[in-house]
There are 2 protein chains.
Amino acid sequence: MSTTLRDVARLAQVSVKTVSNVVNGYPHVSDGMRRRVEAALAALDYHPNRAARTLRTGRTRVLALTVAEADGVGVLARAVVRAAARHGYRVVIDPVDPECQGVATPPLSVDGCLLLTDLPAEPPTGGPPVVRLGQATAGGSADRVGIDHARATRDAVDHLVATGRSRIAAIGVAPGQPSATIGRQGYAEVLRAAGRDPLPGHLQQVPADQRSDGYRAARALLSQRRRPDAVVCASDALAIGALCAAADAGVRVPQDLAVIGVGGSEEGRWTRPALSTVAADPAFLARQAVARIVARIARPDAAPVTVVTPHTLLARESTRTSTSG
Amino acid sequence: MSTTLRDVARLAQVSVKTVSNVVNGYPHVSDGMRRRVEAALAALDYHPNRAARTLRTGRTRVLALTVAEADGVGVLARAVVRAAARHGYRVVIDPVDPECQGVATPPLSVDGCLLLTDLPAEPPTGGPPVVRLGQATAGGSADRVGIDHARATRDAVDHLVATGRSRIAAIGVAPGQPSATIGRQGYAEVLRAAGRDPLPGHLQQVPADQRSDGYRAARALLSQRRRPDAVVCASDALAIGALCAAADAGVRVPQDLAVIGVGGSEEGRWTRPALSTVAADPAFLARQAVARIVARIARPDAAPVTVVTPHTLLARESTRTSTSG
DNA sequence: TTGTATGCGTTATCAG
DNA sequence: CTGATAACGCATACAA
């Protein structure tokens with residue numbers, strides 16, 4: 001059995017309350033008392049029991065970063081961990097497995113969730129408060145923090161046009177996974193706004209946000225009669241798949257095809273050619289998200305807020321101007 | 001306030017104990033009673049309070065997968081989540097941030113830890129039980145589950161020799177991070193066993209297990225007077241860095257240089273050329289690891305166990321025989 | 001088969 | 001400034 005406040009109190013010859021006061025940094029404790037208690041604390045190697053504390057206070061001081069796919073979250077996770085630490089919160093990544101949905105696995109005991117996945121569509125009422133991450137589209141009952149994805153796509157297309165591309169295709173995820181969506185209408189609008197024509201069959205809507213989906217979509221694109229000379233992908237995972245498809249098809253990037261993603265993932269820095277991408281500043285995004293969830297925990301019934309974080313286009317090799325190739 | 005057992009008991013006109021029995025699937029409950037209780041449970045949308053349950057039972061039914069770097073853990077995490085679900089456990093990924101070490105952030109309340117990092121060197125006594133993952137080197141007080149890393153390295157080298165390579169270099173992580181280590185002595189032994197000479201300067205020991213470290217090490221290797229024609233890396237992250245370094249230096253893989261890693265990461269399937277690697281079966285490894293930690297939770301004082309899981313060499317493009325290039 | 005009562009380790013309320 | 005003491009919500013020994 002681990003040592004409790006009572007053990008410490010007994011050793012230090014004080015009441016439980018006094019020990020608790022010392023542990024929690026309560027200011028009105030006399031010096032002598034404090035030292036006596038601290039000595040006992042150290043001697044017994046006391047660690048507060050989280051469950052008891054949580055039961056009593058109703059708070060865990062733990063935040064969940066809920067993700068569908070743990071694979072590319074390194075950068076964001078680190079940023080969130082640091083941002084949360086400033087507020088005294090710990091962060092765990094909660095990888096939801098679609099196959100385990102039904103299985104009776106105990107729910108997590110956390111004060112709030114940062115949802116990087118689009119499951120569930122609507123967070124259950126009664127559970128901990130939720131902030132959606134990744135795309136700041138207003139609507140829905142939850143707070144949202146993320147870049148303006150439509151705007152990011154537009155910036156990507158503008159960049160492709162500016163670097164001399166004209167037949168610009170797109171790969172998005174079919175509705176249901178908004179974080180990586182490029183809609184049919186959005187595709188047409190964006191292209192027209194950039195002074196280019198949307199080409200029939202040049203928008204691929206894939207079922208999931210995976211590298212393999214990007215691969216298949218890009219293969220389809222590259223086998224068309226009017227082959228695109230650029231493809232904008234709704235996520236970096238899709239873009240990396242597209243990069244591989246091009247390589248396997250003998251299509252040179254960036255000479256014959258430009259590829260750009262959205263997300264600013266670390267992995268995109270380590271492909272060859274390196275992947276151009278539209279990225280949010282992860283530290284900024286994480287700070288906003290943590291600030292939101294902390295505020296929401298404090299006032300659960302406040303009106304939902306949407307925070308749009310700025311994004312930057314990172315032009316790397318995969319979209320280098322084709323005239324030099 | 002959320003609904004408690006008492007609320008349900010009141011509504012169903014039974015005692016708290018009976019409700020508890022129903023919730024926990026206690027068999028000796030009469031049918032009528034059970035239905036009455038279940039109706040009340042549903043009507044009030046009852047969810048047990050985790051903290052209270054944990055305080056009472058001393059168990060959280062949550063396992064932590066503790067990692068230093070969340071970036072490449074997707075495959076393993078999924079496998080662990082599934083393996084744990086069979087035992088009624090939930091899994092969270094605990095990303096430890098070296099910069100947050102000092103900060104007063106609350107400890108996690110879990111029943112056990114699967115350590116994929118080498119920090120801390122010795123898990124603190126008194127905390128939850130620990131199983132080390134990734135390399136099954138005996139010694140130390142903790143259980144271990146993983147492949148035989150020395151053997152994996154040997155298999156990689158054998159494969160390189162079999163495919164016609166002779167000047168075989170290596171990139172490992174300097175002592176302190178055993179999961180990605182290729183020692184000085186090990187390097188020499190392995191090469192001699194494979195009938196090749198260890199060349200001076202052909203073992204690079206890098207400070208951390210990152211793509212950037214692999215990149216720098218490979219650059220150094222490629223600028224040497226006797227340039228290697230193959231490099232075996234202690235991890236896939238290092239190997240991917242090496243792949244990039246070769247590309248940037250204009251060295252063709254696999255024609256001029258073969259590259260192989262260890263780990264079987266998903267990312268390695270999506271580089272071009274695709275990365276050859278020595279991989280454990282993640283599902284098998286996860287099952288072993290979860291079985292270990294569950295056993296350890298049940299009997300904390302049993303003697304530590306080391307489980308060696310089998311590995312397979314996945315020969316992909318990055319080590320294709322050079323005669324065809 | 002079901003109800004009553006106790007305690008898990010903390011924090012918070014209230015006297016002293 | 002410090003000490004008793006009462007919850008927090010649940011599971012269980014024991015009684016009925």
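Every chain is numbered from 1, with letters handed out A, B, ... down the list of sequences. When reading the values below, keep in mind they use all heavy atoms of this one structure, side chains included, and skip hydrogens, waters and symmetry mates.
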J.: Donor-acceptor check, side chain of B:T54 to backbone of B:R50, threshold 3.5 angstrom: yes or no?
T.: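 Yes; at least one donor-acceptor contact below 3.5 Å.
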J.: Return the nearest nucleotide to the side chain of A:T18; candidates are D:dT2, D:dC1, D:dA11.
T.: D:dT2
J.: Establish, with yes or no, whether the OP1 or OP2 oxygen of D:dT2 is under 4.0 angstrom from a side-chain nitrogen or oxygen of A:S30.
T.: yes
J.: Distance-only criterion, 3.5 Å: show the donor-acceptor pairs between side-chain atoms of residues 71-81 of chain B and protein atoms not counting sequence neighbours.
T.:
| from | atom 1 | to | atom 2 | distance (Å) |
| --- | --- | --- | --- | --- |
| B:D71 | OD1 | A:G74 | N | 3.3 |
| B:D71 | OD2 | B:R211 | NH2 | 3.1 |
| B:R78 | NH2 | A:E69 | OE1 | 2.6 |

J.: Would you mind reading off the distance between A:Y26 atom OH and D:dC1 atom C1', rounded to a whole angstrom?
T.: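 Checked: the OH to C1' distance equals 9 Å.
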J.: A side-chain contact here means heavy atoms from C-beta on lying under 4.5 Å apart; do B:L285 and B:P282 qualify?
T.: no
J.: Check whether any side-chain nitrogen or oxygen of B:S15 sits under 4.0 Å from OP1 or OP2 of C:dT2, and answer yes or no.
T.: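 Negative; the distance criterion is not met.
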J.: What pairs of residues pass the salt bridge (Lys or Arg N to Asp or Glu O under 4.0 Å) test when at least one of them lies in residues 4-21 of chain A, not counting sequence neighbours?
T.: A:D7-A:R10
J.: Taking DNA chain C as the partner, which of residues 5-14 of chain A come within under 4.0 angstrom of it by heavy atom?
T.: A:L5
J.: Hey, are the side chains of A:Y46 and A:V19 touching, using non-hydrogen atoms and a 4.5 Å cut-off?
T.: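 Contact flag for A:Y46/A:V19 side chains = no.
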J.: For DNA chain C, whose closest nucleotide is more 5', that of B:M33 or that of A:K17?
T.: B:M33
J.: I need the CG-P distance between A:L55 and C:dA12, as an integer number of Å.
T.: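 A:L55 atom CG is separated from C:dA12 atom P by 12 Å.
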J.: Can you tell me how far P of D:dT12 sits from NE2 of B:H28, to the nearest Å?
T.: 14 Å
J.: For the helix from C:dT1-D:dA16 to C:dG16-D:dC1, what angle separates the axis at the start from the axis at the finish, each from five pairs, in steps of 10°?
T.: 40°
J.: When you measure from every atom of DNA chain D, which of residues 38-52 of chain B have a heavy atom less than 4.0 Å away?
T.: B:Y46, B:P48, B:N49, B:A52
J.: If a pair satisfies salt bridge (Lys or Arg N to Asp or Glu O under 4.0 Å) and one of its residues is in residues 286-307 of chain B, list it, with sequence neighbours excluded.
T.: B:D143-B:R296
J.: Among A:D111, A:T60, A:V62, which residue meets the side chain to side chain contact (heavy atoms under 4.5 Å, CB included) test with A:R90?
T.: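 Output: one option passes, namely A:V62.
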J.: Could you tell me whether B:V29 contacts a base, only the sugar-phosphate backbone, or nothing, with contacts defined as non-hydrogen atoms closer than 4.0 Å?
T.: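 Sugar-phosphate only.
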J.: Give a yes or no on whether the backbone of B:A12 and the side-chain of B:R36 come within a donor-acceptor separation of less than 3.5 Å.
T.: yes
J.: Taking the side chain from B:D281 and the backbone from B:A283, do they hold a donor-acceptor pair closer than 3.5 Å?
T.: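 It does hold such a pair.
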J.: At 4.0 Å (heavy atoms only), tell me whether B:N21 reaches a base, stays on the sugar-phosphate, or touches nothing.
T.: nothing
J.: Could one point to a donor on the side chain of A:R56 or the base of C:dT11 with an acceptor on the other under 3.5 Å away?
T.: yes
J.: Report yes or no: does A:T57 contribute a side-chain atom to a donor-acceptor pair with the main-chain N or O of A:R53 at less than 3.5 Å?
T.: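 Side chain of A:T57 to backbone of A:R53: a pair is present.
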J.: Is the backbone of A:Y26 close enough, under 3.5 Å, to the side chain of A:N24 for a donor and an acceptor to pair up by distance?
T.: no
